[in-house]
Amino acid sequence: MKKVTHYLLFAMLLLSFNGFSHKLDDNPNQLVSELLVEIKKIGEKYDVLLDEKHKQLNQINQSLAEAYSTDQKIELLYQKDKINAEIKQLNIDTSIEISKIRYLKGLQIIKILYEKVLSLDHHFASVRTINEINKISNPNQYPEYEKLKDLVASRKDKKLGLDLTSILGTNTIVSVVQTFSNMMVSSLSKEEKEKELANVECILDFTLRMQNDLNTIYFETAFLQNSNEKMKTEIELLFKDYTKPIGYIASLESCRSNDDWESVTQKMEEYLANIKNATGTKQFKMQVNLEFPIDRLLQFITLYNNFIDQGGKFYEKFKIILNSYENEKQCSTKLPLEYKKLKTDIDVAIDKFNIAYKPVEVNGTKMKEILYGLNEFE
């Protein structure tokens, strides 16, 4: 069956998905196996029927070559036209049945990807906020440094010491410079200054070295979150295009919230029944309208793949940044717990991008085969 190979290739892209709703969540490979079995059964079923019709057609052609009377020829031509019409209808029925499977599996893919996008949205929202990043990278957020500032303020030389404005006081670099300037002209002894400096040296070293890098992690995570929001918008538009031909008007968010997937299936069944009842150009257009959104789905998968690949690279970069603090070993007992938690979060995120959100393998030759059915011409 020429068309079957084309659709089998589409089915294979499900192999890299993890889960579906309810029972399909537990065993996605079972879903793929069932799909392949269904398509194979359809191919075998219609191959048998078509082979029988072609045999009948060959017999009629042979009888036509041997017929002498006009009545015999007319009867045989009538039978030939009838069988040709039956063959045409069998091909249409085959295509419609496979379209049904292809459409439903595409719908399941949309559902799976939507859950992944929503999960990513939750993931990005849970990553350290700007306040937490500020807590890690700003020495003013550390009790030890605040204690030093208070001590210096109480012992500074009032004539030579500096008091910062409310704006400059929040600037990390200026604040540190002011604290050390006041310490130099304070009444603290040399021993006291060295003791207090030893208490905060790791904090100051870590925050001054890592502040820009930690801010980079925050802003690039915000970029990924915005990109994921665009992905969410794209898949919601895809669902709208996907279900428009069959007359389903609810949004993807509404369908998911109300668990209304059965209504989509019912609308599809009604649409397929209308295709079977249609003829000629109308029937062709109706089937094209059903097939076109599936190609849109493949375009979205490409978009999804690029985003996941990009996200994984960003987190690999974050890991390098967090591991770049050269005095981590010497200052391990002084580093904030949030820093260690952030490193753990990054490792978890890398695993998620490699496993839970991994790209779907439909690039290159396989993409061409799915889109254009090149195997039909081999």
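All heavy atoms count here, side chains included; hydrogens, waters and symmetry mates do not.
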| said: Under the rule for ring-ring contact (aromatic ring centres under 6.0 Å, His included), what residues qualify as partners of Tyr145, not counting sequence neighbours? | reply: none

| query | Of all residues at least two apart in sequence or in a different chain, which pass the salt bridge (charged side-chain N to carboxylate O under 4.0 Å, His left out) check with Glu196? | reply | none

| message | Show every salt bridge (Lys or Arg N to Asp or Glu O under 4.0 Å) that has at least one partner inside residues 265-274, sequence neighbours left out. | response | Lys100-Glu269

| Test ring-ring contact (aromatic ring centres under 6.0 Å, His included) applied to Phe206 - qualifying residues, sequence neighbours left out | Tyr325, Tyr339

| Partners of Cys255 by disulfide (SG to SG under 2.5 Å), sequence neighbours excluded? | none

| said: Quick test of your reading: applying disulfide bond (SG atoms under 2.5 Å apart), list the pairs with at least one residue in residues 201-242, sequence neighbours left out, ordered by first then second residue. | reply: Cys202-Cys331

| field | Contacts of type side-chain hydrogen bond (donor to acceptor under 3.5 Å, both in side chains), residue Ser69, not counting sequence neighbours | value | Gln72

| task | Rounded to the nearest 0.5 Å, what's the gap from CD1 on Ile275 to CG on Asn289? Could you check? | result | 8.5 Å

| said: Once ring-ring contact (aromatic ring centres under 6.0 Å, His included) is applied, do any residues pair with Phe284, and if so which ones, sequence neighbours excluded? | reply: none

| Which distance, rounded to the nearest 0.5 Å, do you find between the NZ of Lys282 and the CE of Met286? | 6.5 Å

| task | For Asp81, enumerate each residue passing the salt bridge (charged side-chain N to carboxylate O under 4.0 Å, His left out) test, keeping only those at least two apart in sequence or located in another chain. | result | none

| message | Just checking Phe318 against Tyr315, ring centres under 6.0 Å apart? | response | yes

| Taking only residues two or more places apart in sequence, or in another chain, which ones meet Gln283 in a side-chain hydrogen bond (donor to acceptor under 3.5 Å, both in side chains)? | none

| message | Among residues at least two apart in sequence or on other chains, which ones pass side-chain hydrogen bond (donor to acceptor under 3.5 Å, both in side chains) with Asn199? | response | none

| said: Does anything in residues 61-98 form a ring pair (Phe, Tyr, Trp, His ring centres under 6.0 Å)? List the pairs, not counting sequence neighbours. | reply: none

| said: To check you understand the geometry: which heavy-atom pair defines the closest contact between Lys116 and Tyr357, and what is its length? | reply: O-CE2, 3.8 Å

| message | Is the distance from the ring center of Phe314 to that of Phe353 below 6.0 Å? | response | no

